[in-house]
Amino acid sequence: RTHTSPVQVRYMEKNQPPLRIIVPGRIFRHEATDASHESNFYQIEGLMVEKEVSVANFKAIIQEFFQRFFGKPVKIRLIPSFFPFVEPGFQVDMTCLNCEGRGCSVCSQTGWLEMMGAGMVHPNVFKAAGLIPHQYSGGGWQGFAFGMGLDRLAMMKYKINDIRLFYSGDLRFLNQF
């Protein structure tokens, strides 16, 4: 599969909000590989649905996760982007920890690395799951969803400069862990 998003709507069909889930899975994509892209990897999807959830809540949660995971403050930015199950959608970039934002092969010399796609759950997803989406007059559910590659998290945490090393079978690489 190319993502684990279908698990979210299936979970919403069987469970009533408020919801908070994490969905791990292995992903396969037909794309060119380079230092930060691989054709198969592990992904974590997250979903939070409540009455009062916003983009600000999402940003604060992700910022706190990165700070705890990496053990230091990490700069992030949200860039508007299209993903079919969210509106608005955005990609979440973080300062590349391999080069500390100076530019390297992992971040394509930009100093930033895309870590996830995310956004506010599209009202049609709620409808498909049998939930009433947020209405401006109040009531209904709203939430955010995201998908993040575990391999990229490991790259940043351990300063690995090429994602392809994870699947290379090179024992010299593996033995350092």
Inset, instruction - Would you check, one step at a time, whether the test side chain to side chain contact (heavy atoms under 4.5 Å, CB included) holds for Cys99 with Cys107? - result: CA-CA 8 Å; Cys99 65; Cys107 63; 3.7 Å; yes
Legend entry - Side-chain heavy-atom pair Met94, Met156 within 4.5 angstrom cut-off: yes
Inset, instruction - Would you give the length of the straight line joining atom OG of Ser108 to atom CG of Asp34, rounded to the nearest 0.5 angstrom? - result: 6.0 Å
Legend entry - Phe166 side chain near Asn40 side chain, heavy-atom distance below 4.5 Å: no
Legend entry - Close side-chain approach of Val92 to Phe58, heavy-atom, < 4.5 Å: yes
Inset, instruction - Verify, without hydrogens or angle tests, whether Thr110 (side chain) and Trp112 (backbone) share a donor-acceptor contact under 3.5 angstrom. - result: yes
Legend entry - Backbone N/O of Arg172 and side chain of Asn175: donor-acceptor pair under 3.5 Å: no
Inset, instruction - Considering non-hydrogen atoms only, spot the tightest contact between Asn98 and Cys104 and give its length. - result: CB-SG, 4.2 Å
Legend entry - Side chain to side chain, Leu150 and Phe41, heavy atoms closer than 4.5 Å: no
Legend entry - Minimum heavy-atom distance Phe69-Lys157, with the two atoms named: O-NZ, 2.5 Å
Legend entry - Value rounded to 0.5 Å, distance of CD in Glu114 from CD in Gln91: 4.0 Å
Inset, instruction - Output the distance between atom CG (Asn57) and atom CE (Met48), rounded to the nearest 0.5 Å. - result: 6.5 Å
Legend entry - Joint hydrophobic cluster, Met115 plus Ile79, side-chain heavy atoms closer than 4.5 Å: no
Legend entry - Leu131 to Met12 - nearest heavy-atom pair and separation: CD1-SD, 4.1 Å
Legend entry - Co-membership, hydrophobic cluster, residues Tyr158 and Leu153, 4.5 Å side-chain: yes
Inset, instruction - Report yes or no: do Phe83 and Phe146 belong to one cluster of Ile/Leu/Val/Met/Phe/Trp/Tyr joined by side chain heavy-atom distances under 4.5 Å? - result: no
Legend entry - Smallest separation among heavy atoms of Pro84 and Phe82, with atom names: CA-CZ, 3.7 Å
Inset, instruction - Could you tell me whether a side-chain N or O of Gln142 sits under 3.5 Å from a main-chain N or O of Lys51, the two making a donor and an acceptor? - result: yes
Inset, instruction - Answer yes or no: is there a side-chain heavy-atom contact under 4.5 Å between Phe85 and Val121? - result: no
Inset, instruction - Identify whether Met116 and Leu97 are in the same connected component of the hydrophobic contact network (ILVMFWY, side-chain heavy atoms under 4.5 Å). - result: yes
Inset, instruction - Measure across Ala145 and Gln8 and return the closest heavy-atom pair with its distance rounded to 0.1 Å. - result: CB-OE1, 3.4 Å
Legend entry - Asp151 and Tyr167, any side-chain heavy atoms less than 4.5 Å apart: yes
Inset, instruction - Would you check if Met120 and Pro88 make a side-chain contact, meaning some heavy-atom pair closer than 4.5 Å? - result: yes
Legend entry - Min side-chain heavy-atom separation Val55-Phe90 under 4.5 Å: yes
Inset, instruction - Give a yes or no on whether a salt bridge exists between Lys72 and Glu100, defined as a side-chain N under 4.0 angstrom from a carboxylate O. - result: yes
Legend entry - Verdict with reasoning, Val86 to Phe144, per side chain to side chain contact (heavy atoms under 4.5 Å, CB included): CA-CA 8 Å; Val86 296; Phe144 61 76; over 6 Å; no
Inset, instruction - With rounding to the nearest 0.5 Å, note down the distance linking OG in Ser168 to CD1 in Ile163. - result: 12.0 Å
Legend entry - Criterion side chain to side chain contact (heavy atoms under 4.5 Å, CB included) against Glu38, the qualifying member of Arg29, Arg152, Arg164, Glu31: Arg164
Legend entry - Step-by-step side chain to side chain contact (heavy atoms under 4.5 Å, CB included) determination, Ser36 to Leu113: CA-CA 8 Å; Ser36 62; Leu113 184 64; 4.0 Å; yes
Legend entry - Shortest non-hydrogen contact from Ile160 toward Ala154: CD1-O, 4.1 Å
Inset, instruction - Determine yes or no for a side-chain-to-main-chain donor-acceptor pair under 3.5 angstrom, with Glu64 supplying the side chain and Ile61 the backbone. - result: no
Expected list for residues 15-22: side-chain donor-acceptor pairs under 3.5 angstrom, two or more places apart:
from  : atom 1 : to    : atom 2 : distance (Å)
Asn15 : ND2    : Tyr11 : O      : 2.9
Arg20 : NE     : Glu50 : OE2    : 3.0
Arg20 : NH2    : Glu50 : OE2    : 2.6

